[in-house]
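Input: a single structure, listed below in structure tokens.
Because the structure is a prediction, the values reported are computed rather than measured. Remember, it's 1-based here, ligands and their atoms both numbered in the order they're listed.
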Amino acid sequence: MAGLSPALLAGHIPALPPAAAGIVTIEPGRPCLLSRIDPDADGGLDKDEAKAALSVERARIQGLQERLYGEGKRSLLVVFQAIDTGGKDGTIRSVLEGVNPQGCRVWSFKVPSTEELDHDFLWRYHKRTPGRGMIGVFNRSHYEDVLVVRVKDLVPEEVWRARYGLINDFERLLTASGTTVLKFFLHISKDEQKERLESRIADPEKHWKFDPADLVERRSWDAYQAAFDDALTRCSTPYAPWHVVPANRKWFRNLIVARTIADTLEAMNPQFPAAAEGIAGLTVPD
Ligand code: AMP
Ligand code: MG
């Protein structure tokens, strides 16, 4: 455990800053009702203002990521969940633009392999959590095991029901070990999903993104919303709360996610290690 401060070893969990204005953070212990959250919200901004503000946030993330890497003691895990076409890929591409790829890893989780299914459900996710100094991004995550698994009835109810508590324990372990966990749910409306699917069908350049299975999943829209409500209610904790991002407007979504990541890194306050004595003024021999 070299490199961890006594506070981290004692399981101290750092205070998290509030999410950017426009995001609805689910208060631990209070029910999440997605139907009450407006996916169209845009904070009264227009697209150009939001784009200019986004470049500022990206620059903050880039600078703070370098410090996190230089410090090499803690890490940040950013989790994205959404319904199909909700914008996980687009948000990751936009928000992490310009971040040093050496300090950041993105993992996308698909249908589990037989080897993964032969282990406990958290095994494949735990292996991918970020090491010290790193930013890790989960495009889908351990929450799939209480979302698609529940909606499609892939395991008995008592099995998925037990997982909410196990997920909270897992995230507690991560945060107590120096990994800050930031969870974003990208919230789009059913009409917006229809438009996005139609635009994938209409544009041959987007055909590769169109998955006919998404049309089948769309029939289970209400069951997914209920599963999201439950997961966000049961797994919003003081150490790893859920953030609901109005995501019908991509430019607003990108801005508030980027701002929240930047604010979180800033609150972590990573520090470059102190320089060794006597470096300043050294001369390099010919
Ligand atoms: P995509 O992200 O669109 O490439 O699709 C990945 C697919 O994998 C989605 O349909 C997910 O629902 C599915 N998936 C991800 N994790 C799991 C899991 N733990 N169990 C079953 N299906 C999963
Ligand atoms: Mg898909």
Does F80 form a ring pair (Phe, Tyr, Trp, His ring centres under 6.0 Å) with F138? I'd like the steps, not just the answer. CA-CA 6 Å; F80 288 101; F138 281 5; over 10 Å; no
Heavy-atom contacts under 4.0 Å between N139 and ligand 1: side chain, backbone, both, or neither? neither
Any side-chain donor near an acceptor of the partner, T237 and R172, under 3.5 Å: no
Examine V111 against ligand 1 and note whether any of their N/O atoms are separated by less than 3.5 Å. yes
Work out whether the distance between some heavy atom of Y224 and some atom of ligand 1 is less than 4.0 Å. no
Taking the six-membered ring of W123, is NZ or CZ of K127 closer than 6.0 Å to its centre and within 45° of its axis? yes
Which residue and non-hydrogen atom of the protein lie closest to atom 17 (C) of ligand 1, and at what distance in Å? R124 NH2, 3.5 Å
The criterion is side-chain hydrogen bond (donor to acceptor under 3.5 Å, both in side chains); which residues satisfy it with D230, sequence neighbours excluded? R150
Which residue and heavy atom of the protein sit nearest atom 22 (N) of ligand 1, plus the separation: V148 CG1, 3.5 Å
Less than 4.0 Å is my threshold; does some heavy atom of K209 fall inside it relative to ligand 1? no
Scan R196, K194, R200 and name whichever one has a salt bridge (Lys or Arg N to Asp or Glu O under 4.0 Å) with E198. K194
What atoms of ligand 1 come within less than 4.0 Å of a heavy atom belonging to F109? 15 (C)
How about S189 and N248: does a side-chain donor come under 3.5 Å of a side-chain acceptor? yes
Hey, which atoms in ligand 1 end up nearer than 4.0 Å to a heavy atom of V149? 20 (N)
In ligand 1, the atoms that come under 4.0 Å of a heavy atom of Y125 are 19 (N)
Those residues that, when tested against P241, pass side chain to side chain contact (heavy atoms under 4.5 Å, CB included) (two or more places apart): L16, T25, S236, H243
Does the ring centre of W242 sit less than 6.0 Å away from the ring centre of Y143? yes
Heavy atom of the protein closest to atom 12 (O) of ligand 1 (residue, atom name, distance): E144 OE1, 3.4 Å
Can you list the ligand 1 atoms lying under 4.0 Å from a non-hydrogen atom of D145? 19 (N)
Atom 20 (N) of ligand 1 sits nearest the protein heavy atom P112 CD, 3.3 Å
Using a 4.0 Å heavy-atom cut-off, which part of Y143 comes near ligand 1: side chain, backbone, both, or neither? neither
Return the orientation label for the F228 and Y224 ring planes: parallel under 30°, perpendicular over 60°, tilted otherwise. tilted
Could you see which bit of R140 sits under 4.0 Å from ligand 1, with heavy atoms only: side chain, backbone, both or neither? side chain
Closest protein heavy atom (residue, atom, distance) for atom 4 (O) of ligand 1: K110 NZ, 2.5 Å
Expected output: side-chain Q81 to main-chain S141 donor-acceptor under 3.5 Å: yes
Heavy atom under 4.0 Å from ligand 1: found in A213's side chain, backbone, both, or neither? neither
